[in-house]
There are 2 protein chains.
Amino acid sequence: MQNGKLPERATLRDVARLAGVSEISVSRVMRRAPHISDALREKVVVAANTLGYTPNRVAGALKTATSNLVAVVLPSMSNEVFPEVLDGIESVLSGHGLCPVLGITQYDSGRELEVVRELLSWSPVGIILTGLDQDAAIRRILLHQNIPIVQIMDVEGTPLHAAVGIAHGQAARDAAELLIERGYRKPAYIGAWAERPSRSRIRRQAFEARLAERGHPLVTAQISAKKSSVQTGAEVTQALLATHPAVDAIFYANDDLAIGGMFHCMKSGLAIPGDVGLLGFNGISFGQAAPIQLATIQTPRFEMGKRAASLLIEKNAAKGLIVDLGYRISVGSSL
Amino acid sequence: MQNGKLPERATLRDVARLAGVSEISVSRVMRRAPHISDALREKVVVAANTLGYTPNRVAGALKTATSNLVAVVLPSMSNEVFPEVLDGIESVLSGHGLCPVLGITQYDSGRELEVVRELLSWSPVGIILTGLDQDAAIRRILLHQNIPIVQIMDVEGTPLHAAVGIAHGQAARDAAELLIERGYRKPAYIGAWAERPSRSRIRRQAFEARLAERGHPLVTAQISAKKSSVQTGAEVTQALLATHPAVDAIFYANDDLAIGGMFHCMKSGLAIPGDVGLLGFNGISFGQAAPIQLATIQTPRFEMGKRAASLLIEKNAAKGLIVDLGYRISVGSSL
DNA sequence: AGCGCTGTTGACAACGTTACCAATCTTGAT
DNA sequence: ATCAAGATTGGTAACGTTGTCAACAGCGCT
């Protein structure tokens, strides 16, 4: 597959020697700098190809003190939300020759610190983080770097530089209003994974507070310790309805759980929305295409990634900006 | 947010001066090298903290000619498959202090070449690519680097170094056998996105070939130009059943499409599997939790990422190894 | 011929770090 | 007290690239 002695990776010097030109000329050809004669370019290109030369951006980045890397810190890759955000980020970055370097925190702020350190050590041109609630230690480090910082998901708080997201508390209050408006009087809430994403806790609390204000307090909130999944949603819904048969509507922390709830109802012959109304959060495609279209709060996840990356690139915009992308309540047919 | 004059990022030299020690000592403390007195360490840590020093790995990588970056080239982030693979990759890398640098090709081999160039220029310690069918130009460049290469998803072919995946052709032949065994005689196939992922084309062809061998040839294959989604699955299924009412079973390119088919049948009152049997591919959680459990071919996506990353790390193993992780046929209740 | 252009090429130093070697200081055994 | 072995610290030179400046050719003009 490969002969025993692996050839060292070719450098600018190797190419220069083979082409019979100076190193700097090779560098210029590689970077498509102006003022290069066709003859020189040709010689260099041939030499580079025969050696299989790949520029060493590590050296280049050291010299120029810039890179084409963007640090992206996400809490998880195992639900639909963050891959979509990342997709949005990547779609913009790739158009500008930038590469995302990824760090996953698993919702652990200790790991987040490590990950941020790690990523910053690569001199990224900017960093995208999730949420507004980083530890003081992380904030300190971030502000010592000289790069734009964009925090995504949330806008209810104070960003380090810029923030792109939605108002989760407001969304949850709207959810409460919607249920009451539709005549529901015994609302419940279902969450999962011990509310690891702090934004889901904020939503639950805002939901609960508004319901209380409107005189129809939350009947029960069941927060599973398991990770969010359709399966978990089905299980928790079953348990909740068994212990609280009076419940007439359930607001879920996300659509995965809500669809699980829907599947449970379908299996056990409960009418949606006749027996129980279901309201999800996020607006994933499964919910919208389901036989009973799931009522949900649509969040612009791909767009969020795109805007975050765009803000990072127009560096001037990256200071003190808060971009609230808003959400769209889709009433569906499950309410 | 930041005073007008941004402070330059602190270097080893700054820390050394402030701490009153040599640069190399600071370097050693930062790298937790052995033979450092507590007194020295203390001085350095204090100085580093007051300056908010972050090591510059770009310089370190240049000197040591190694990095902690792993190039990961994926075709897409917009279905469930690749985020899960990436999750698996990341779970292993993070345990070894390595960071994934991401490139998305959008199934475009021109972009793949660019992306590979880009990523390789950062001197990653290894590279993970999708599929075994890279262009000759890409293969040439890859083999000129001196790093382990792991190709994921597919094992039916010749890897550059190592491959981790499943046998797609075999899986599709098994699917054909399953349908016939269960008594289906008018099988159809539904795909999407113009079969951009070449693996889905391989599956269709193998499926078709085996059906023909068994004397029950494919009735029709409908390949939508749209991206795979539940919605697309529903639409194409409707169209297919309208024009080919005799079809008694459908094999889908993936579970998203299959669930769309399931939803369509539920809405339009078709019995599953009475009127039509459905067979998906991948085994995503929605299908397994659905009211009618989707029959599917379970693929180990997370595991694939894990194994790929592991192979990369144990460099000696990365030459010429083919790891077939296999699949599991889950008959569900949709057949 | 001499002048100032523009276009093209090269020499050299530097980016921030670490490998290598040398220097110094301890420690404990003789 | 002396010496060897080890622990701890520092000086210097790279890693591969690019910014800066300088050099030189060819051109048209006076």
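Just so it is clear, the model here is predicted, and its values are computed rather than measured. A, B, ... follow the sequence lines: proteins, then strands. Residue 1 opens every chain.
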Quiz item: Rounded to the Å, how far apart are L12(A) CG and dT18(D) P?
Solution: 7 Å
Self-check item: OP1 or OP2 of dG16(C) under 4.0 Å from side-chain N/O of R13(B)
Solution: no
Exercise. For R13(A), look at atom CZ and say whether over 12 heavy atoms of other residues, nucleotides or ligands are found less than 6.0 Å away.
Key: no
Quiz prompt | Between P of dC12(C) and CD of E23(A), the distance in whole Å | solution = 11 Å
Practice problem: Establish, with yes or no, whether the OP1 or OP2 oxygen of dG10(D) is under 4.0 angstrom from a side-chain nitrogen or oxygen of S25(B). | Solution: yes
Practice problem: Decide, yes or no, whether a salt bridge links R57(B) with E118(A) under the criterion of side-chain N to carboxylate O below 4.0 Å. | Solution: yes
Practice problem: Determine: side-chain N/O of R31(A) to OP1/OP2 of dG19(D), distance under 4.0 Å, yes or no. | Solution: yes
Practice problem: Kindly give the heavy-atom pair with the smallest separation between A10(A) and Y53(A), and that separation in Å. | Solution: O-CD1, 3.4 Å
Practice problem: Assign a letter to each nucleotide of nucleotides 20-26 of chain D from its 5' end: B, base within under 4.0 Å of a protein heavy atom; S, sugar-phosphate only; -, no contact. | Solution: -------
Exercise. May I ask you to check whether S27(B) and R31(B) show a side-chain donor-acceptor distance below 3.5 Å?
Key: yes
Practice problem: Have a look at V21(A) and say if it touches a base, only the backbone sugar-phosphate, or nothing, with a 4.0 Å heavy-atom cut-off. | Solution: sugar-phosphate
Exercise. Mind calculating the distance between CZ (R41(B)) and C1' (dA7(D)) to the nearest angstrom?
Key: 13 Å
Self-check item: Polar side-chain contact K63(B)-dA19(C) base: donor and acceptor under 3.5 Å
Solution: no
Quiz item: Could you give the NE2-to-P distance, from H35(B) to dG10(D), as a whole number of Å?
Solution: 15 Å
Practice problem: Could you check how far CZ of R9(B) sits from P of dG16(C), rounded to whole Å? | Solution: 9 Å
Quiz item: Does a donor on one side chain sit under 3.5 Å from an acceptor on the other, for K306(B) and S91(B)?
Solution: no
Practice problem: Give the rounded distance in Å between these two atoms: CG of N56(A) and P of dT18(D). | Solution: 9 Å
Quiz item: What is the distance, rounded to the nearest whole Å, between atom CD1 of I36(B) and atom C1' of dT24(C)?
Solution: 15 Å
Practice problem: Consider the side chain of S22(B), meaning its heavy atoms from C-beta on, and name the nucleotide among dT18(C), dA11(C), dG10(D) that approaches it most closely. | Solution: dG10(D)
Quiz item: For I147(B) and H161(B), which heavy atoms make the closest approach, and how far apart are they?
Solution: O-CE1, 3.3 Å
Quiz item: If you take all heavy atoms of W122(B) and V58(A), which pair is closest and at what distance?
Solution: O-CG2, 3.8 Å
Quiz item: So does Y53(A) get a side-chain nitrogen or oxygen closer than 4.0 Å to the phosphate oxygens (OP1/OP2) of dG16(D)?
Solution: no
Quiz item: Is the phosphate of dA19(C), meaning OP1 or OP2, less than 4.0 Å from a side-chain N or O of T64(B)?
Solution: no
Quiz item: Hey, which of these two, L40(B) or L62(B), hits DNA chain D nearer its 5' end, going by closest nucleotide?
Solution: L40(B)
Self-check item: Protein-nucleotide distance (D14(B), atom CG; dC15(C), atom C1'), rounded to Å
Solution: 13 Å
